[in-house]
Amino acid sequence: YRKYLGESDLPHVMDLVQSELSEPYVIYTFRYFLHHWPHLSFLAYSSNSGDQVPIGVIVCKQSMHKDSTNRGYIAMLSVNKNWRKRGIASSLVRKSIEAMKEDGVDEIVLETEYDNHAALSLYESLGFIREKRLYRFYLNGKDAFRLVLAVPRSYSDDSSDTSGSSPSMSSSLSSRSQTQYRAIRVSAYSDEEDEDAVSSR
């Protein structure tokens, strides 16, 4: 597994997503996510050292939602059919979740087709819950479920008294507080009810 490195990875990401997902995406959609949040996207490769084509990919974003919530969004998740049921998808999701946590994420959302039982099972096993059903959400007319994962803080935000903490702990908390909101605001897409026009399908 490794993070997205740049434009040279883009053709591989597009090929994998477009061959495995039914929702059509133009190159600008890929670049919107991958150029703004390359550190949140990961590629999976087989253990064969000679294989340079990824077998799985996850594409995500992270931004402020309604000026109050640091929200992560899983836009695309795709694994080659020949490599499914090996834990690759769950590993990709976990890696993106951990990367979002480093940027102080409060919640992570995604949409998937209402009858995609494999995807629903995967996400629910990782703690996501079904927030609502979105009718005729996809271009093919199918409904979707919006899933949400609430991310608890690993420390107390309202604990201002650090007198009982060691210098190293206080320094760690201070460093974390300076970097926890690296989410950025962009205007190309909306985080409202019909957000992103993309899915993890």
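The first residue of the sequence shown is numbered 1, and numbering continues consecutively from there.
Residue Ile58 holds its CD1 atom at 5.0 Å from CG of Leu77, rounded to the nearest 0.5 Å. Atom-to-atom distance recorded for His39:NE2 and Lys3:NZ is 7.0 Å, nearest 0.5 angstrom. Distance check, rounded to the nearest 0.5 Å: CG of Asp67 to CE of Met64 gives 7.5 Å. To the nearest 0.5 Å, the span separating CD on Glu124 from CG on Leu122 amounts to 9.5 Å. Taking CG of Leu126 as the start and OG of Ser121 as the end, the distance is 9.5 Å to the nearest 0.5 Å. A distance of 5.0 Å separates NE2 in His35 from OH in Tyr4, rounded to the nearest 0.5 Å.
Side chains of Leu92 and Val57 form no contact here, defined as non-hydrogen atoms less than 4.5 Å apart. A 4.5 Å side-chain heavy-atom check between Leu10 and Phe30 finds at least one atom pair inside the cut-off. Arg130 has its side chain within reach of Leu120: a pair of non-hydrogen atoms, C-beta onward, lies under 4.5 Å apart. Contact of the His12 side chain with the Gln52 side chain is not registered, since no non-hydrogen atoms from C-beta on lie closer than 4.5 Å. Within the 4.5 Å cutoff, no side-chain heavy atoms of Glu111 are placed close to those of Leu147. Inter-residue side-chain proximity for Asp106 and Val151 is flagged as unmet; no heavy-atom pair is nearer than 4.5 Å. Taking the side chain as every heavy atom from C-beta outward, Met100 and Ile108 approach each other to under 4.5 Å. The shortest distance between side-chain heavy atoms of Val109 and Arg71 falls below 4.5 Å.
Tracing side-chain contacts under 4.5 Å through hydrophobic residues (I, L, V, M, F, W, Y), one reaches Trp37 starting from Ile27; they form part of the same cluster. Tyr1 and Ile97 fall within a single hydrophobic cluster, where Ile, Leu, Val, Met, Phe, Trp and Tyr are joined by side-chain heavy atoms under 4.5 Å apart, directly or via other members. Taking hydrophobic clusters as Ile, Leu, Val, Met, Phe, Trp and Tyr residues chained together by side-chain heavy-atom distances below 4.5 Å, Leu139 does not share a cluster with Tyr135.
His65 and Asn70 share no donor-acceptor pair across their side chains, judged by distance under 3.5 Å alone.
A donor-acceptor pair is defined here as one N or O able to donate and one able to accept, closer than 3.5 Å; no such pair exists between the side chain of Asn116 and the backbone of Thr112. Arg84 contributes a side-chain N or O that, together with a main-chain N or O of Val79, makes up a donor-acceptor pair within less than 3.5 Å. Under a 3.5 Å cut-off, the side chain of Ser41 and the backbone N or O of Pro38 do not form any donor-acceptor pair. A distance-only check finds a donor-acceptor pair linking the side chain of Ser90 to the backbone of Gly87 [under 3.5 Å].
Shortest non-hydrogen contact noted between Gln62 and Leu40 is CB-CD1, 3.6 Å. Nearest heavy atoms, Lys132 versus Leu134: CD-CD2, 3.4 Å. The two atoms that bring Tyr73 and Leu110 nearest to each other are CE1-CA, 4.0 Å, heavy atoms only. Across all their heavy atoms, Tyr25 and Ala75 have their closest contact at OH-O, 4.4 Å. The minimum heavy-atom distance between Cys60 and Phe33, with the atom names listed, is O-CD2, 4.0 Å. The two residues Leu16 and Pro54 come nearest to each other via the heavy atoms CD2-O, 4.1 Å.
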Lys142/Asp115 under salt bridge (Lys or Arg N to Asp or Glu O under 4.0 Å): CA gap, chis, key distance, verdict = CA-CA 9 Å; Lys142 278 194 174 184; Asp115 58 354; 3.1 Å; yes
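Checked for salt-bridge contact, Lys95 and Glu98 miss the test: no charged N lies under 4.0 Å from a carboxylate O.
For the pair Arg2 and Phe42, the cation-pi test (distance below 6.0 Å, angle within 45°) is failed.
When ring centroids are compared, Trp83 and Tyr45 stay outside the 6.0 Å threshold.
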